[in-house]
**Student:** 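Have a look at the structure that comes next, please.
Both backbone and side-chain heavy atoms feed into the values below; hydrogens, waters and symmetry mates do not. Keep in mind that this is a model prediction, so the values were computed, not measured.
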There are 2 protein chains.
Amino acid sequence: MPATLVDFEPTPRQGEVLDAALGLLVSAGDALTMSAVARQAKCSKETLYNWFGDRQGLLTAIVKWQASKVGIPEIDPTRLDAQGLRRSIENFGQSLLGVLTGEISVALNRVAISHAGSDHSQLGNIVLHNGRFAMGRRLKPVLEAGRAAGLLNFENSEEAFRSFFGLLVRDTQIRLLLGDAEATSPGQINTDAARATEQFIALFGAFPSGDTSPDP
Amino acid sequence: MPATLVDFEPTPRQGEVLDAALGLLVSAGDALTMSAVARQAKCSKETLYNWFGDRQGLLTAIVKWQASKVGIPEIDPTRLDAQGLRRSIENFGQSLLGVLTGEISVALNRVAISHAGSDHSQLGNIVLHNGRFAMGRRLKPVLEAGRAAGLLNFENSEEAFRSFFGLLVRDTQIRLLLGDAEATSPGQINTDAARATEQFIALFGAFPSGDTSPDP
DNA sequence: CATGAGCCGTACCGTACGTTACGGTACGGC
DNA sequence: GCCGTACCGTAACGTACGGTACGGCTCATG
């Protein structure tokens, strides 16, 4: 089990360095070199190694730093009417899709995926737990509250979340990761979030449809 | 516009070399070196460079070679009863999910994603056009035949396919790419394909539900 | 003021890897 | 039998980059 989500507390100066590294990571991808980071951040390589140990540690710190900055708006599961639930889910979808299609998320996922192939670094796990899993932890209480209020119908909230994730993201993330430059506009994000919410409620809503969610 | 899907016709010996490289790619990830390929394939590096130009060319050839080997079963859109359509979609889903969760696909996508970040190589595009887009081209005629027969209801077959893709794959691919070792069993694949097909038909089926696909 | 910690800039080391070069071998055609 | 071609094996070259060492600067603390 991964311990804490954010167990990294950088000093202001370290934050500046990490921001510079983040910018470089977005523009240069995995070609990020220690020398380039030092140059961009106007610090010495020795400092980088003192602070972060090695390149691996720097990358890990970058991921955690970014994770600590991204805020998906907290949703309060108290508005339990159908309209409020729908809006909560849709807003969540907008935030999630906005983050996932952002160039920072794309760059971060790219390096994590690169390293997941060869060395046994924990980068992939860190991204997974600060990204995908953290998202599930946010939305699932809302879904369960919706179920408790008789608005939704599902057995496993994890499975329900995964379906929502699929309806929302579809092939967008993998296409962006592979370099397919479909300029994801904010309007597109809102449209997609609305569509995914509609479809999710059509599948898991407990309205008198009767046969939308049977398990064969 | 990408020209042809398979414009690469290797000799048998070249196929052997590419198979060896493919095996190394799966086990070693992007740490694939020219020396390792030559050693594994029992050929000289000079031959590699004569045949493929440079490392980039070798990777490109590997991707195309694998793409030429993967066969998603062709579906004939003639069986237009509801049951046949459902089975066609479900079989397609099984094949697609099986390929996507295979270690070869994961390794290939990893290197393509790595290179999409830095250099301007076409690897990402090649993977995209031989993978995701080729799949769409396979299923869309089936979906359109289903619509023509009054069994499905959608406006845009591309959008419909993307929704099916999302319902089928959900977060599975990105988790595998990030190194999340959820042993994807064949049984799980069949279950997922069945579930995705159910959900897809629930959303896009033209059965007397009446309000599953309105555009707000 | 003295001192020492922390940091910057830079030079440097070791190594890994892409790429090239070259000697040696097998084989089909003249 | 000789030549050209294609290939293997290996050595060598150039470069890029991770990591380290060191001199000099700043500044807080005693």
Side-chain angles (χ1 to χ4, degrees), chain A residues 8-63 65 107 110-112 114-123, chain B residues 8-25 27-63 65 107 110-112 114-115 117-123:
Chain A
F8 179 63
E9 198 59 43
T11 68
R13 173 64 179 144
Q14 288 173 338
E16 287 178 31
V17 171
L18 289 174
D19 278 331
L22 206 41
L24 264 178
L25 193 66
V26 169
S27 61
D30 202 11
L32 183 79
T33 70
M34 301 298 278
S35 302
V37 172
R39 201 179 324 121
Q40 182 82 11
K42 294 195 189 311
C43 72
S44 75
K45 289 210 296 182
E46 183 177 11
T47 302
L48 290 183
Y49 284 99
N50 278 340
W51 284 350
F52 306 108
D54 55 6
R55 185 170 186 272
Q56 187 71 229
L58 174 63
L59 288 175
T60 304
I62 292 173
V63 170
W65 173 242
R110 282 208 183 114
V111 299
S114 306
H115 287 237
S118 41
D119 50 44
H120 293 183
S121 82
Q122 286 285 74
L123 263 190
Chain B
F8 180 65
E9 199 59 42
T11 68
R13 174 62 179 144
Q14 287 174 339
E16 287 178 30
V17 171
L18 288 175
D19 277 330
L22 207 40
L24 265 178
L25 194 66
S27 61
D30 202 10
L32 183 79
T33 71
M34 301 298 278
S35 303
V37 172
R39 200 180 322 123
Q40 183 81 12
K42 293 193 190 314
C43 73
S44 76
K45 291 208 280 183
E46 182 177 7
T47 301
L48 291 183
Y49 283 98
N50 277 340
W51 285 349
F52 307 108
D54 54 7
R55 185 170 185 273
Q56 188 71 230
L58 173 63
L59 288 175
T60 304
I62 293 173
V63 170
W65 174 241
R110 281 208 184 114
V111 299
S114 307
H115 287 237
S118 41
D119 51 43
H120 293 184
S121 82
Q122 287 285 73
L123 263 189

**Student:** Walk me through whether A:Trp65 and A:Asp19 qualify under side-chain contact (heavy atoms from CB on, under 4.5 Å).
**Tutor:** CA-CA 8 Å; A:Trp65 173 242; A:Asp19 278 331; 3.0 Å; yes
**Student:** In whole angstrom, what separates B:Gln56's CD from C:dT19's P?
**Tutor:**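 Computing the B:Gln56:CD to C:dT19:P distance gives 9 Å.
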**Student:** For D:dC8, take OP1 and OP2 only and decide whether either is under 4.0 Å from a side-chain N or O of B:Thr47.
**Tutor:**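 So the side-chain polar atoms of B:Thr47 do come within 4.0 Å of the phosphate oxygens OP1 or OP2 of D:dC8, strictly under.
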**Student:** Given atom CE of A:Met34 and atom P of D:dA21, what is their separation to the nearest angstrom?
**Tutor:**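 Atom CE in A:Met34 sits about 15 Å away from atom P in D:dA21.
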**Student:** So how far is it from A:Asn50 CG to A:Lys45 NZ, rounded to the nearest 0.5 Å?
**Tutor:**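 Output value for this atom pair is 13.0 Å.
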**Student:** Can you check whether B:Arg55 has a side-chain N or O nearer than 4.0 Å to OP1 or OP2 of C:dT20?
**Tutor:**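 It does not, given that no N or O in the side chain of B:Arg55 lies less than 4.0 Å from OP1 or OP2 of C:dT20.
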**Student:** Find the partner of D:dG19: check Watson-Crick (N1-N3 plus N6-O4 or O6-N4) and G-U wobble (N1-O2, O6-N3) distances, both under 3.5 Å, and reply none if neither fits.
**Tutor:**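 Across any shown strand, D:dG19 pairs with C:dC12.
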**Student:** What verdict does the side-chain contact (heavy atoms from CB on, under 4.5 Å) test give for A:Arg110 and A:Leu25, after you've listed the backbone C-alpha separation in whole Å, the side-chain angles of each residue and the deciding distance to 0.1 Å?
**Tutor:** CA-CA 10 Å; A:Arg110 282 208 183 114; A:Leu25 193 66; over 6 Å; no
**Student:** Measure CG/A:Leu48 against P/C:dC8 and give the value in whole Å, please.
**Tutor:**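 Taking CG of A:Leu48 and P of C:dC8, I get 8 Å after rounding.
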**Student:** From C-beta outward on B:Thr33, which listed nucleotide comes closest to its side chain: C:dG18, D:dC8, D:dG18?
**Tutor:**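 Between C:dG18, D:dC8, D:dG18, the one nearest the side chain of B:Thr33 would be C:dG18.
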**Student:** Remember a base hit wins even if backbone is also touched, and classify B:Leu32 as base, sugar-phosphate or nothing at under 4.0 Å, heavy atoms.
**Tutor:**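 Sugar-phosphate contact only.
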**Student:** Taking the side chain as everything from C-beta on, heavy atoms only, tell me whether B:His115 gets closer than 4.5 Å to B:Gln56.
**Tutor:**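 Yes, close enough: below the 4.5 Å cut-off.
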**Student:** With side-chain contact (heavy atoms from CB on, under 4.5 Å) as the test, would you mind laying out the steps for A:Ile62 and A:Val111 before giving the verdict?
**Tutor:** CA-CA 11 Å; A:Ile62 292 173; A:Val111 299; over 6 Å; no
**Student:** NZ of B:Lys42 versus P of D:dA6: gap in Å, rounded?
**Tutor:**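 Computing the B:Lys42:NZ to D:dA6:P distance gives 24 Å.
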**Student:** Please report, rounded to the nearest Å, how far the P atom of C:dG18 is from the CG atom of B:Leu59.
**Tutor:**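 It is 9 Å, rounded to the nearest whole Å.
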**Student:** A:Phe52 has an atom CZ; how far is it from atom C1' of C:dC7, in whole Å?
**Tutor:**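 Atom CZ in A:Phe52 sits about 14 Å away from atom C1' in C:dC7.
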**Student:** Can you figure out which of D:dG19, D:dC8, D:dA12 approaches the side chain of A:Tyr49 most closely?
**Tutor:**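 Output: D:dG19.
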**Student:** Choosing from C:dA11, C:dG9, C:dG18, which nucleotide comes nearest the side chain of B:Lys45?
**Tutor:**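 Among C:dA11, C:dG9, C:dG18, the one nearest the side chain of B:Lys45 is C:dG18.
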**Student:** Should C:dT3 form a Watson-Crick or G-U wobble pair with both distances under 3.5 Å, which nucleotide is its partner?
**Tutor:**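 D:dA28 is the nucleotide pairing with C:dT3.
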**Student:** Figure out the CG/P separation between A:Asp54 and C:dT15, and round it to whole Å.
**Tutor:**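 That distance rounds to 18 Å.
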**Student:** Can you check the A:Asn50 CG to D:dG19 C1' distance for me, whole Å?
**Tutor:**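 Rounded to whole Å, this separation is 12 Å.
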**Student:** Mind checking who C:dG29 pairs with, Watson-Crick or G-U wobble, both distances under 3.5 Å?
**Tutor:**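 Looking at the geometry, C:dG29 pairs with D:dC2.
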**Student:** Which one, C:dC8, D:dA11, D:dG9, comes nearest to the side chain of B:Glu46?
**Tutor:**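 So the nucleotide nearest the side chain must be D:dG9.
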**Student:** For C:dC8 and A:Arg13 - does any side-chain N or O of the residue sit under 4.0 Å from the phosphate oxygens OP1/OP2?
**Tutor:**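 Yes.
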**Student:** Taking the side chain of A:Trp51 as its heavy atoms from C-beta onward, which of C:dG23, C:dT19, C:dC7 lies nearest to it?
**Tutor:**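 So the nucleotide nearest the side chain must be C:dC7.
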